[in-house]
Amino acid sequence: LRILYLLLNSFARSVLVTDFGGGAGMQFFKLNVAGGSTLIDKWTVIETPEMTRIAKRVTNPRLEFIADFSETHDMDIFLANSSIQYCNNLEAILSNVIQSKPKYIYISRTPFNLNDEKIIAIQKSLLSKNGPRTTNIIDKDELVEYPIIYHSYKGFQSLLDIVTGK
């Protein structure tokens, strides 16, 4: 949260944040409690269609939920906090991010592996465990399962070099 707060403060104006896999807006609400929400013009959460449907019950004029990256607008900060490991199409995501030309790309809590190939496993959890504010807005708690992908760190670095033109 501190790093994100510092990034927000580096701008001389209100900021547009895109939060990839941001659940029910947890980071937005944490910043709100810390007094950082005044630095935010619009916080856009990109989530799964199901999570987007549920999270739209959370109302705040500066917080929106979308299910498709193509619905995004300009962004100053791209945030991916423990979400990239759930995406098989990492190249497309990073290409979309780079095309949006954010000033900062902040990726945190993302496991990688040191092999050349990605490792895929199945993660199971209760829907209520997909963010602390989720319990307030779900109709019924249920077990959900989805693939978790431990991308190759070397492959990720190579992909970043390609999409940034290095």
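Computed over heavy atoms, backbone and side chain alike; hydrogens, waters and symmetry mates excluded.
- Checked against side-chain contact (heavy atoms from CB on, under 4.5 Å), Gln99 has the following partners two or more places apart in sequence or in another chain: Asn96.
- Taking Gln85 as the reference, Ser82, Thr110, Pro111, Ile148 meet the side-chain contact (heavy atoms from CB on, under 4.5 Å) condition, with sequence neighbours excluded.
- Side chains of Thr52 and Pro49 form no contact here, defined as non-hydrogen atoms less than 4.5 Å apart.
- Residue pairs that meet the salt bridge (Lys or Arg N to Asp or Glu O under 4.0 Å) test with at least one member in residues 96-117, sequence neighbours left out, are Asp116-Lys154.
- Sorted by first and then second residue, the side-chain hydrogen bond (donor to acceptor under 3.5 Å, both in side chains) pairs involving residues 1-12 (not counting sequence neighbours) are Ser10-Tyr104.
- Scored by the side-chain hydrogen bond (donor to acceptor under 3.5 Å, both in side chains) test, Thr44 finds Glu64, His73 as partners (sequence neighbours excluded).
- Remark: Phe156 engages Phe112 in a ring pair (Phe, Tyr, Trp, His ring centres under 6.0 Å) (not counting sequence neighbours).
- With contacts defined as side-chain heavy-atom distances shorter than 4.5 Å, the pair Thr18/Ile77 does not qualify.
- Residue pairs meeting the salt bridge (Lys or Arg N to Asp or Glu O under 4.0 Å) criterion with at least one partner in residues 69-97, sequence neighbours excluded, are Arg13-Asp76.
- Lys118 meets the salt bridge (charged side-chain N to carboxylate O under 4.0 Å, His left out) test with no other residue; sequence neighbours excluded.
- Counting side-chain heavy-atom gaps under 4.5 Å among Ile, Leu, Val, Met, Phe, Trp and Tyr, Leu6 is found in no cluster with other residues.
- Judged as a side-chain contact (heavy atoms from CB on, under 4.5 Å), and not counting sequence neighbours, the contacts of Asn89 are Cys87, Ala92, Ile93.
- With sequence neighbours excluded, the residues that form a side-chain contact (heavy atoms from CB on, under 4.5 Å) with Tyr106 are Ile3, Leu4, Leu7, Leu79, Ser108.
- Ser70 meets the side-chain hydrogen bond (donor to acceptor under 3.5 Å, both in side chains) test with Asp68; sequence neighbours excluded.
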